[in-house]
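Here the structure is laid out as structure tokens; the discussion comes afterwards.
To find a chain, count down the sequence lines: A is the first, B the second, and so on, and within it residues start at 1.
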Number of protein chains: 2
Amino acid sequence: MNLLLKNIAKHVTLTPEDEGRVLFLTEPQTFKAKTILLKQADVCTQSYFVIKGILRSYTIDENGVEHVVSFACPEWWIADMYSYLSQRPGQLFIEVIEDAEVIVLTKENQEKLYSEVPKTERFFRILIENSLIANQKRLINNLTFTAEARYDIFTKKFHSILPYLPQKQIASYIGVTPEFFSRMKAKLLKK
Amino acid sequence: MNLLLKNIAKHVTLTPEDEGRVLFLTEPQTFKAKTILLKQADVCTQSYFVIKGILRSYTIDENGVEHVVSFACPEWWIADMYSYLSQRPGQLFIEVIEDAEVIVLTKENQEKLYSEVPKTERFFRILIENSLIANQKRLINNLTFTAEARYDIFTKKFHSILPYLPQKQIASYIGVTPEFFSRMKAKLLKK
DNA sequence: AAATGCACTTGACCTAGATTATGAAATTAT
DNA sequence: ATAATTTCATAATCTAGGTCAAGTGCATTT
């Protein structure tokens, strides 16, 4: 059964016709690892709901340094929210880490969905609320905790996909250099 | 005229009856500077739309260190989103910085509003979307820029209220100690 | 099978920002 | 006004984490 519908059902109740509209306006797609779905400075015209595999979003700063913004596992959405919502060029890349099956929702179809199936408005509101909360927590964590503690929090949150993530990307996500991360890990093993 | 209705009108169009419901379900209130509207570990049962004055939210970590999470100027909302949405004890304090007029919306009335005036669902979705974007930008900024650059970004974003903010709170917001902030400011003046 | 290129490790050295301490200036309360 | 509290400035010392550089083990390409 469709994982997206199942996911929507956790928050709002759709009629079978509503569900039909959702299926009609979304499109399953598969991508190989290392595929780039969105490039920095491009407009993000679609968001992705992950069925299988792992994706990530990241930015490259003025000094050429990569910063991982998010990892997306199954049942998560990923997009450059700024660009997707404003339809202006964004800062993020979106890349497939592990061969992925996703459901694609274009910005256009998202708007159609809102007007044709008003209940989805609530579903997406709740989704965004949850990401906002997660984001604020991460911000506070970054201000409050040391790199070691942040790593600990990270492993708990992402333990299921941990073995698939190159550690330079974990380092980047928690906000330290790969060199420092490597040293930190070695130190932790000694305990 | 009511600033909240004006603000809503920027995103969705309400009928006069709808507007009546909004007015009925919200309540203007005034608070003196230094009033604490929410304490850490309490459940956040209301959110505040600022008409006049300045508020802030902050947390106190395990070591007793304060971290400013947000400042709210006129036309902004403030709440402990995690606690407000989950109705569980939160981590944030909310405090009045400058004598304030606010419009109070209780969680209960928020739910009523969603069901009685469905269009408000879109309004709040858009609001949350915008805070999510702002939050992600701040996260990236923190990972990417030095304290000096973050201060520069801060002054641009909050220039209108800058004179009212104690600099230890600015320091906390951008993520440095008051001592370091003081020295940084002195250094910047020399240029 | 060699060659190219990453991801990771380790070491030496460096720096942005933290910590601790002290005093002056400015608010706030009495 | 003046005492009390808080904010701000400055200086000395310390450290978490960064930078640069060199080397190792794996994949992927040819």
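- Between the CG atom of Leu188(B) and the P atom of dC8(D) there is a distance of 16 Å, rounded to whole Å.
- Judged purely by distance below 3.5 Å, without hydrogens or angles, the side chains of Gln46(B) and Tyr84(B) never pair a donor atom with an acceptor atom.
- In this entry the distance linking CZ of Arg183(B) with C1' of dT20(C) reads 12 Å, nearest Å.
- The CD atom of Glu98(B) sits 13 Å away from the C1' atom of dT27(C) (whole-angstrom rounding).
- A straight line from CZ of Phe180(B) to P of dT13(D) spans 19 Å, rounded to a whole angstrom.
- Between Asn142(A) atom CG and dA16(D) atom C1' there is a gap of 15 Å when expressed in whole angstrom units.
- The distance between atom CD of Glu148(A) and atom C1' of dT15(D), rounded to the nearest whole Å, is 14 Å.
- Between the side chains of Ser70(A) and Ser57(A), a donor-acceptor pair is found at a separation under 3.5 Å.
- Note: Tyr58(A) and Tyr173(A) fail the aromatic proximity criterion, with ring centroids not under 6.0 Å apart.
- Taking atom OH of residue Tyr151(B) and atom P of nucleotide dG17(C), one finds them 15 Å apart after rounding to whole Å.
- Residues of residues 154-179 of chain B that place a heavy atom closer than 4.0 Å to DNA chain D, in numerical order, are Pro166(B), Gln167(B), Lys168(B), Glu179(B).
- Rounded to whole angstrom, the span from the CZ atom of Arg150(A) across to the C1' atom of dA16(D) amounts to 10 Å.
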- request: Determine, stepwise, if the pair Glu129(B) / Arg125(B) fulfils salt bridge (charged side-chain N to carboxylate O under 4.0 Å, His left out).
  value: CA-CA 6 Å; Glu129(B) 282 173 357; Arg125(B) 172 177 59 76; 2.6 Å; yes

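- The aromatic rings of Tyr114(A) and Phe124(A) lie perpendicular to each other, with more than 60° between the two planes, well past the 30° mark.
- Side-chain contact of Thr35(A) with Glu95(A): a donor-acceptor pair under 3.5 Å is absent, judged by distance alone.
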